[in-house]
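Worksheet: one structure, shown below.
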There are 2 protein chains.
Amino acid sequence: MATGRTHRPATRSRGIPEATVARLPLYLRALTALSERSVPTVSSEELAAAAGVNSAKLRKDFSYLGSYGTRGVGYDVEYLVYQISRELGLTQDWPVVIVGIGNLGAALANYGGFASRGFRVAALIDADPALTGKPVAGIPVQHADELEKIIRDNGVSIGVISTPAGAAQQVCDRLVAAGVTSILNFAPTVLTVPDGVDVRKVDLSIELQILAFHEQRKAGEEAVGKGPLPQTAAGRDESADQGPDGDVPAVMPA
Amino acid sequence: MATGRTHRPATRSRGIPEATVARLPLYLRALTALSERSVPTVSSEELAAAAGVNSAKLRKDFSYLGSYGTRGVGYDVEYLVYQISRELGLTQDWPVVIVGIGNLGAALANYGGFASRGFRVAALIDADPALTGKPVAGIPVQHADELEKIIRDNGVSIGVISTPAGAAQQVCDRLVAAGVTSILNFAPTVLTVPDGVDVRKVDLSIELQILAFHEQRKAGEEAVGKGPLPQTAAGRDESADQGPDGDVPAVMPA
DNA sequence: ATGTCTTTGTGAACGCGTGCACAAAGATAG
DNA sequence: CTATCTTTGTGCACGCGTTCACAAAGACAT
């Protein structure tokens, strides 16, 4: 089953490190808030605090974009908002389709942050005929048969998958075949895509499990006292009943 | 405004690298699928393919847990499922509260993956009195006033925040004060928490912006041909109108 | 114009994560 | 019991990302 590349940008992004790119939206958000309060300039220290990062890291990040600060003063908020927006490609319009209009899909369609920052929901798509035509967030749901046509007619290059896990790869393949080159995947599956297609995944279940790990660790350390603890935390393992669910559909209509 | 630690585990997790912990749920999912198909053993190569990672990485990851494989054969699926579940703390029950029952909160409440793997939705909480008592996913919504009591009565240590951005920090503070030590944050804000509290964030808007960046990059490279491109992609910047929304609430009820 | 003070931009060191490549371990066949 | 073959477990090297610490740059006061 093909060891296809997964969820790592193929191209090394011409100089700007991936880690930096991932933080730019954070800076942008903080800067937008400042802009709304009509704050003219910020120091790296202040902005870093607002974005929840180290100030040295922030300065280095900005250094990849160019020298937009003034020594002794700080950064011009408006100018920086513009520069980051441009760098992220937010000065242009990005039509997006959402495939799979269950609970999660509907929530995404209603998401306010979509409309802002250049993203526009071009279409909602679902395989369930019962949903076809029904408006969600003011947009009528279209049937999956129309997928290819929708993509091409609207010049969509970004797709969001919020279908059950079982349908995700198939939907992904069709999106890619129709011309989509960036995918945001909410289904709990590993998607295989050709080179040149970016996949980012958001997986609630994984996030929770990571939290559980650290939570268990904390509980263990507390119980033992503070000394080095033996591989595993205290006792407490009840029995090995893992639920009979396996790869559950991400979020289902009912 | 205190430079509080954010979303990095304070403690260095006793030997197991964070990157490895983040992959364990992935392996677990692949293994569970194999288990359901009654596959007795897997090689690192097969499992790695299923999980979408490098086989060497997978073997190194497992080596942190101990030596659970058999050379010349591979790994025992059932045994590995158990070991990883135990390591992640999934053999015990984790009561979870969801605060903010808008579209997203409702979607999360309905999420099948919650119930599985030891996570149990102990309560749904919202500040809107109109929602109080109304069942969502079969669970009646409780009013935010009850938050502290709910946390304590159920021994909740993991909280999910799906409120608008404006309310997130306040909710977070109350959760932490009531004893929650792990938070999954869906609101588009930087949360400040005391040491010892873990925060993980899921931010749709950020993911999209990262995709947009790479998308723009691809478009630029394609247009130029293939050679080194001058800092920014081709022309195409329309004008600097950034939407007037700023920190939009994550996902709103209406 | 000169000096002081603030804040940026970055060189350099360090640590973590990744991937290669191979030796050790065990299964399996003869 | 010996030989062969498969697959694990890991030493090692490399590259990315983070952080420190400081020199350069500019604002501002005198």
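Here is the naming used below: chain letters follow the sequence lines, and residue numbers restart at 1 for every chain. As a basis for the values below, the full set of heavy atoms in this structure was taken, side chains included, without hydrogen atoms, waters or symmetry mates.
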ask   = Of all the nucleotides listed (dA21(D), dG9(C), dT8(D)), which has the minimum atom distance to the side chain of S67(A)?
value = dG9(C)
key: Qualifying residue, where the test is side-chain contact (heavy atoms from CB on, under 4.5 Å) with Q209(B) and the options are L28(A), L24(A), I84(A), L26(A)   = L28(A)
remark   = Between R59(B) and K57(A), whichever has its closest DNA chain D nucleotide further toward 5' is R59(B)
task = Return the value, rounded to whole Å, for the distance between atom CG of L58(B) and atom C1' of dG17(C).
result = 15 Å
remark   = From the candidates dG26(D), dG9(D), dG9(C), the one with an atom nearest any side-chain atom of T70(A) is dG26(D)
inquiry  = With a 4.0 Å cutoff (strictly under), does any side-chain N or O of S44(B) reach OP1 or OP2 of dT7(D)?
reply    = no
Presence of donor-acceptor pair under 3.5 Å, side chain of K60(A) and base of dT19(D) = yes
remark   = Testing dT7(D), dT10(D), dT18(C) for proximity to the side chain of R23(B), the answer is dT18(C)
inquiry  = Using 0.5 Å steps for rounding, measure from the OG atom of S205(A) to the OH atom of Y111(B).
reply    = 4.5 Å
inquiry  = In whole Å, I'd like the distance from the OH atom of Y64(B) to the P atom of dT8(D).
reply    = 17 Å
task = Compare the minimum distances between each of dC20(D), dT8(C), dG19(C) and the side chain of N54(B), then state the nucleotide with the smallest one.
result = dG19(C)
request  = Using a 4.0 Å heavy-atom cut-off across all strands, classify F62(B) as base, sugar-phosphate, or nothing.
outcome  = nothing
ask   = Donor-acceptor pair under 3.5 Å: do we get one between R71(B)'s side chain and the base of dT8(D)?
value = yes
request  = Using atom CG of L65(A) as one end and atom C1' of dG9(C) as the other, report the distance to the nearest whole Å.
outcome  = 13 Å
Nearest-angstrom distance from the residue atom OH of Y27(B) to P of dT8(D) = 13 Å
Minimum-distance nucleotide to S43(A) side chain [options: dT7(C), dG17(C), dG9(C)] = dT7(C)
inquiry  = Check this for me, if you would: do R29(A) and D203(B) make a salt bridge, where the nitrogen-to-carboxylate-oxygen distance has to be below 4.0 angstrom?
reply    = yes
query = Rounded to whole angstroms, how far apart are CD on E45(A) and P on dG9(C)?
reply = 14 Å
message = Measure CD/E18(B) against P/dT18(C) and give the value in whole Å, please.
response = 11 Å
note = Closest non-hydrogen atoms of I210(B) and A22(A), given as atom of the first, atom of the second and distance, are CD1-CA, 3.7 Å
From dG17(D), dG9(C), dG9(D), nucleotide with atom closest to A19(A) side chain = dG17(D)
task = Nearest whole angstrom, please: distance from the C1' of dG17(D) to the CG of L24(A).
result = 15 Å
query = Roughly how far apart are Y27(B) OH and L58(B) CG, rounded to 0.5 Å?
reply = 4.5 Å
key: Distance, rounded to the nearest Å, where Y75(B) contributes OH and dG26(C) contributes P   = 14 Å
